[in-house]
Amino acid sequence: MRIIKTLRELKLRSAIVYHDLDAGAPAVSMADMAIAVSGRTPVAAYLDTAQIIAAAREARVGAIHPGYGFLAENAEFARTVAESGFAFVGPTPESIELMGDKIRARNFVQRNGFPVVPSAIEEDDPASFILRARSVGVPLLVKASAGGGGKGMRIVRDFDTLKNAIAQARSEAQRYFGDDRLYIERYIEKPRHIEVQVLGDAFGNVIHLFERECSVQRRFQKIIEEAPASTLPPGLRERICETAVGIARAANYRNAGTVEFIVDGEEFYFLEMNTRLQVEHPVTEMITGIDIVAEQLYVAGGYALSFSQPDIVSTGHAIEARVYAEAPERGFAPARGKVLVLDYPRGRDLRIDSGILQGQQITTAFDPLLAKVIVHSPTRNEAIQKAERAMQELVLLGCETNASFLARILADEQFLSGQVHTGYLDENPQLTAGDSASDLSTFLAAAALLTRPVRDSADAVPELHASLGGWRNA
Ligand code: ADP
């Protein structure tokens, strides 16, 4: 839907592929043309390159945009798209290959003189891996080269647990990515996650659209993002943004991408590069006024970037909150259900990117992201207030969401002060737990009292007392 929106604005037509289970999804009705792809599961269908190319031929498209997931970071897919005569809306297959593999990306970045966290890479010499890991020193983070979404990561604080953590990370990496190559990094305590949006074209121009801060995370996954970063030591923002551009330039990067860093005080280290449009891109669009999807399309169409670095200005503060179908209060258990009532907040400088409709069934087949609430205000405080109000106004009934959890974070003193790091939610379990247990029982009791059977039995004279006759009143 996000991509179709820009296509419409540019007066371009859209075609979408969908699996039967998604036939009722709003994106399918929004597109000018929709072509069914089949597979045992929707995931299998959306990963089927041959069917997608056949659909592209049928729709006679000029370009294929891979979206955010599935094939967006698949070099083979990008190559096949180009070889089939379509423009791939994304970087070259070579860039995806280089940056899609964390070990390769990390080595490349280090070779080019940019900062990375001290590490040990298993494939360099498997026999000495454990020994080399020990020399990095605890705490350590075991990571998967093919990792994503926080999968395949294990923190090690004590060498006795190292072997076990390696085994666990390896099996998780194999299960999720079919690739069990591992490496170990120094685990930075309480870092901030800061990333830079970059854009490159086919003529060697590379620019940045400033940074985003994504330090509010649960299990290594982002839930609230903002732009610009709340507070940074003087000069650090410039250094981080320039480093991101340097890395993208060294990689001969084309199209939109994100260079991610972890920041430890004044120090920062390359984490990874995402070679696609990211979920949190709207905060950057809000502060720069640039439609990143439109830029992706221009670059894929062979045009040069229409602006240079000094043309890009950052205004105000933007915040995005991710509304997930999950229950933070119950260990972030995934939620499902039918969307019975859906009413989004409205207002100036408030944007909702949503892929759901009233009446739609929410399943656990995909990522639990339901909608993104994005706000823009002159200052950070105002943006936070606006986001909090928006979370309170959001009505989504029929499927549990994390909306009240997001509202609790947005109202939290520590978040307001900008003193947030990636361990913030772990250190503040009360934000996750909420006080919903007691609220919920109050609401349930009130609701129960409004039903006929409960009211009748509450009003009725208990049988035992009735059988005793009227002596009590005597
Ligand atoms: P993924 O691709 O799975 O999202 P990333 O490498 O992007 O993995 O890291 C995700 C998150 O994990 C980071 O935002 C950060 O919170 C944490 N993380 C990754 N590497 C380190 C590290 N060396 N030290 C501390 N935290 C880290």
Partners meeting side chain to side chain donor-acceptor pair (under 3.5 Å) with H19 (sequence neighbours left out): none
Side-chain donor/acceptor pairs under 3.5 Å, residues 291-298, sequence neighbours excluded:
residue, atom, partner, partner atom, Å
D291, OD1, R2, NH2, 2.9
D291, OD1, T6, OG1, 3.3
D291, OD1, V293, N, 3.0
D291, OD1, A294, N, 3.0
D291, OD2, T6, OG1, 2.8
Q296, OE1, H65, NE2, 2.8
Q296, NE2, N255, OD1, 3.2

side-chain contact (heavy atoms from CB on, under 4.5 Å) partners of A407, counting only residues at least two apart: M391
Tell me, which pairs form a side-chain hydrogen bond (donor to acceptor under 3.5 Å, both in side chains) where one or both residues lie in residues 310-322, sequence neighbours left out? E225-R322, E226-H317, E280-R322, S308-D311, R322-Y324
Just verifying a value: how many Å separate D32 CG and I16 CD1, rounded to the nearest 0.5 Å? 11.0 Å
For the OG1 atom of T49 and the CG atom of L71, what is their distance to the nearest 0.5 Å? 5.5 Å
Could you tell me whether Y303 atom OH has more than 12 heavy atoms of other residues or ligands within 6.0 Å of it? no
Around atom CZ of R239, are there more than 12 heavy atoms from other residues, nucleotides or ligands closer than 6.0 Å? yes
Could you check whether [Y] and [X], counting side-chain N and O atoms only, form a donor-acceptor pair closer than 3.5 Å?
{"X": "R408", "Y": "Q430", "result": "no"}
{"X": "E260", "Y": "N274", "result": "yes"}
{"X": "T258", "Y": "E195", "result": "no"}

Under a 4.0 Å threshold between the charged nitrogen and the carboxylate oxygen, would E242 count as salt-bridged to R237? no
Pairing of E326 and R218 as salt bridge, 4.0 angstrom limit: yes
In terms of the angle between their ring planes, are H281 and Y68 parallel, tilted or perpendicular, with boundaries placed at 30° and 60°? tilted
Worked check of side chain to side chain donor-acceptor pair (under 3.5 Å) between N74 and E76: CA-CA 6 Å; N74 184 312; E76 213 34 63; over 6 Å; no
Using ring-ring contact (aromatic ring centres under 6.0 Å, His included) as the criterion, list what pairs up with Y46, not counting sequence neighbours. F70
Looking at residues at least two apart in the chain, or sitting in another chain, which of them share a ring-ring contact (aromatic ring centres under 6.0 Å, His included) with F405? F332
Of all heavy-atom pairs between [X] and [Y], which one has the smallest distance, and what is that distance?
{"X": "Y424", "Y": "L431", "result": "OH-CD1, 3.3 Å"}
{"X": "G39", "Y": "A45", "result": "N-CB, 4.0 Å"}
{"X": "M286", "Y": "D349", "result": "CE-O, 3.9 Å"}
{"X": "P93", "Y": "A75", "result": "O-CB, 3.5 Å"}
{"X": "E189", "Y": "P139", "result": "OE2-CG, 3.4 Å"}

Side-chain heavy atoms of [X] within contact of [Y], under 4.5 Å:
{"X": "E97", "Y": "D101", "value": "no"}
{"X": "L425", "Y": "V216", "value": "yes"}
{"X": "F415", "Y": "I384", "value": "yes"}

